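To keep things clear, I will list the structure first and then write my remarks on it.
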Amino acid sequence: MDFFEAAEGPEPQFTSGINFEEELNEEQYAAVTAPFGPSLVLAGAGSGKTRTLTYRVAWLLDQGVDPSAILLLTFTNKAAREMLDRVADLTGVSSKLFWGGTFHHIGQRLLRRFGGPVGVNPGFNILDQSDSESLLSDVIRRVDPKFLKDKNNPKPKVIANLISYARNTLEDVGVMARERYPYPANLGPDIGRFAAAYEKEKRKQDVADYDDLLELWLKLLKTDPSFLHYCTQKFDQVLVDEYQDTNRLQAAIVDTIGSHHRVMAVGDDSQCIYTWRGAELNNIMTFPDRHPGGNIFKIETNYRSTPQILSFANSVLDGHTGGGFRKELRAVRPDGNKPILVSTVDTTQQAEFVIRTISQMVDNGRSYGDIVILYRAHFQAMDLQMELSRTGIPFQITSGVRFFEQAHVKDIVAQIRFVANPRDITAFLRFAGLLPKVGPRTAEKLYAFIVDFAEKNQQNFFDVLGAKAVVAKVPAPARDDWESLATTLRDCYHAAHDESPDEVVRLAVEGWYGTYLRTLYPNWKSREEDLTGVVGFASRFEELSELLAQLILLNSEASDRSIEPGEETIRLTTIHQSKGLEFPVVFILGLADGMFPLNRAVEEGNLDEETRLFYVSVTRAQDELFLSYPMVQSQGGPPRRLQPSRFLSSVRPDYYEAVRYRSSW
DNA sequence: ACGGAACTATTTTTT
DNA sequence: ATAGTTCCGT
């Protein structure tokens, strides 16, 4: 059959065997089969955006495009993985053949190979947010020791934020500082100096922060013609997911790499919710201008929600003042219940309402896994959390502290980082600071001494750690620990050169830190298991630098990993984290003015974004949507009366059912 | 001057 | 739960 035919023909061209016309609706089909050249796909919530993108990739393959010529850029690791897996499922082409991943991840990969001209070596380390903040803090202290002493001046964290925002929006740091901090004096020049010194320090230590992965990538494209040529040649087809949330830096990268205009941008301007970290709604609005001659595809058929939920969602956007592409989701599902708006006395009663309703639904055959509870900010779910644990309903929170961000994981990672790149002082400071009587200052001096001592004796850094002269510089109470640490570091260093990455991690985990861990935490057992998990994770990698990059860039692995497949549990999560997900039953908490929209957002005039956030939250729901708000805010200061969220004023009253919760519910 | 303990306030969102 | 802050002891 196939066997004979395949043997005869010339080089068989890849065919997926997919009947595109049959498997897609008209709108999707048009976008999937769009001609090469620029296209903007406006895919509404629940309209099969991921499906469209994956089929587009399959279609490109059918047109003879080589998998390695396809660059697929996403926002989160989760989205990247999902997309690549689905493409692999659909076409049978291994996801390894594509260039797919987050902007940061792709940037990292390219910089490791080609970053020389912009000053990074292949083995550079990546700093996460807290690392880069502490490095900046050190730099500020060195450039201007008095600056942080003055309490009127912004804190390092705030400055770090400002610098990062400026870099992501391609603004001048000094100018931005002047606009945001006109008091006590114009800090523009100061912050400009800090930013410059910070840049220099990173290059010196051969480290890169998150923003560098994008910024240096763009710089390389702009300054190295051969790299630009390489990229535009190699990435014949560029696809960008969640385009509405790209910032100016990312858009510049896409525009440069995609100067051949074979770019497909997919997104939904109504779902842009990251302007606070530099997302530029204008990117999607002006895409047709920057990539002229293309097509705009609208996909507005919604397969997710009932007509009742959709009418509600559509009218949320009526109150939206910002100009966007006109779009109206069409429902295809049969009728369901209207969304229900419930007012409760306070947040405690709100929790009671949620729990009772859930119990009732579960009695009627719903499973816990069908239910998600959404809120604007994590602390708004505190009451509910307590009530849930009291009643024993299984729940999972996807919240702040992630797996790779936990202290013990970061401690181990710091040691591996340092072994991989001994210029990474931030890493050294982290684990050295764990020793008794050793803080940042002592650690810094110690580091300088060891570097100096090693150089004088023509020896390797790691081989002199146990030398008498070095030990003498360690504070007396820390000496025992130091010797053990020194041995571990030396072992790891040598293993890094001739063993696999997981062996390096194993040595670190079983070395000094393993013992130290037991003395530090009462729950050392479970933390130890976490670290064993990291060893297991490491075995997936062949290159130490690749492992480290993943450890730092894969922040979100945690949340997914903690939910076992088949485990039935309610999910509690912020609206931001719910983007792209869908659930049969959705609760939205705290729908009162001041809570959602947040007071802060109202004051800063970010109402449009809050409205989009509300839109995102209601469009997560498939069958049932419950909105609730407390009438009195009892926490944090004197009790205050709360009004229902202003979002509701743009929704026709007959689109939802308003009820008042009573304990007899 | 530094490190550490004790205290206090404070929680948006992510690579 | 954690970060930031303040204060005290070395």
Side-chain angles (χ1 to χ4, degrees), chain A residues 73-80 101-108 126-134 137 141 145 148-149 151 155-158 161 164-165 167-168 208-215 217 242 245-247 249-250 272-279 374-382 385 397-402 404-407 432-445 475-478 523 549-559 573-580 590 595-601 604 606 609-610 612-613 616-617 635-637:
Chain A
L73 293 164
T74 64
F75 252 80
T76 61
N77 294 298
K78 211 168 108 189
T102 62
F103 279 88
H104 293 85
H105 186 228
I106 302 288
Q108 180 264 140
I126 303 172
L127 303 181
D128 72 7
Q129 186 167 321
S130 66
D131 291 327
S132 62
E133 278 167 14
S134 71
S137 176
R141 234 183 301 275
L148 293 175
K149 296 258 158 58
K151 295 296 170 222
K155 312 251 173 304
K157 203 178 169 146
V158 177
N161 243 313
S164 172
Y165 189 86
R167 295 168 71 196
N168 279 290
D209 62 18
Y210 284 143
D211 301 332
D212 281 325
L213 301 180
L214 306 179
E215 203 178 40
W217 181 9
E242 305 280 14
D245 279 319
T246 51
N247 57 41
L249 181 51
Q250 288 163 325
C272 170
I273 54 175
Y274 284 105
T275 59
W276 51 270
R277 64 168 212 219
L374 303 177
Y375 35 82
R376 178 66 237 267
H378 274 297
F379 72 92
Q380 293 173 341
M382 293 258 263
Q385 253 179 77
I397 309 176
T398 33
S399 77
V401 188
R402 295 161 213 302
F404 292 125
E405 278 173 6
Q406 291 176 63
L434 298 172
L435 304 178
K437 293 289 160 193
V438 181
R441 290 302 133 91
T442 314
E444 217 169 317
K445 284 178 195 159
N523 63 345
Q550 292 292 359
L551 283 171
I552 320 259
L553 293 175
L554 261 190
N555 277 336
S556 56
E557 190 88 344
S559 36
T573 178
T574 62
I575 297 166
H576 281 92
Q577 288 179 328
S578 75
K579 187 159 92 160
M595 299 177 92
F596 190 18
L598 277 181
N599 263 332
R600 186 150 134 208
E604 290 171 7
N606 298 330
E609 175 135 330
E610 296 282 306
R612 293 193 294 264
L613 208 43
V616 168
S617 64
Q635 285 172 320

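Labels below follow one simple rule: chain letters A, B, ... track the order of the sequence lines, proteins then strands, and each chain is numbered from 1. Note that this is a predicted model, so its numbers are computed, not measured.
Listed here is the closest heavy atom pair of A:W217 and A:G107: CE3-CA, 3.5 Å.
As a whole-Å value, the separation of A:Q577 CD from B:dT11 P is 18 Å. Taking atom NZ of residue A:K579 and atom P of nucleotide B:dT15, one finds them 11 Å apart after rounding to whole Å. Rounded to a whole Å, the CZ atom of A:R612 is 18 Å from the P atom of B:dT13. If you measure from atom CG of A:N161 to atom P of B:dT15, you get 15 Å, rounded to the nearest angstrom. Atom CH2 of A:W217 is separated from atom P of B:dT15 by 16 Å (rounded to the nearest Å). The interatomic distance linking A:R167 (CZ) with B:dT14 (P) rounds to 20 Å, in whole Å. As rounded to whole Å, 15 Å separates atom P of B:dT11 from atom CH2 of A:W276. At whole-Å resolution of the value, CD1 in A:I273 and P in B:dT13 are 12 Å apart.
Looking at A:Y375 and A:I575, their side chains never come closer than 4.5 Å, going by heavy atoms from C-beta outward. Residues A:L374 and A:T573 have side chains in contact (heavy-atom distance under 4.5 Å, counting atoms from C-beta outward). In this structure, A:T102 and A:L553 have side chains that are not in contact, with every pair of non-hydrogen atoms separated by 4.5 Å or more. Looking at heavy atoms from C-beta onward, A:Q577 lies out of side-chain contact with A:T76 at the 4.5 angstrom threshold. Residues A:V158 and A:N161 have side chains not in contact (no heavy-atom distance under 4.5 Å, counting atoms from C-beta outward).
Listed by chain and residue number, A:W276, A:H576 satisfy the ring-ring contact (aromatic ring centres under 6.0 Å, His included) test with A:Y274 (two or more places apart in sequence, or in another chain).
Nucleotides of DNA chain B nearest to A:V438 and A:H104 differ in position, and the one nearer the 5' end is that of A:V438. When each of A:G433 and A:E610 is assigned the nucleotide of DNA chain B bearing its nearest heavy atom, the one mapping closer to the 5' terminus is A:G433.
Here A:P436 lies in heavy-atom contact (under 4.0 Å) with sugar-phosphate atoms only. As judged by a 4.0 angstrom heavy-atom cut-off over every strand, A:K445 is placed among residues making no nucleic acid contact. Contact annotation for A:R277: base contact, defined as any heavy-atom pair under 4.0 Å involving a base atom.
Residue ring and nucleobase are not stacked for A:F103 and B:dT15 under a centre distance beneath 5.5 angstrom and an angle between planes beneath 30°.
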N/O to N/O distances under 3.5 Å, protein versus nucleotides 5-10 of chain C:
none

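At B:dC2, none of the side-chain N or O atoms of A:T442 fall inside 4.0 Å of OP1 or OP2 (strictly under the cut-off).
When distances run from any side-chain atom of A:P440 to the nucleotides B:dG3, B:dT15, B:dT13, the shortest one goes to B:dG3.
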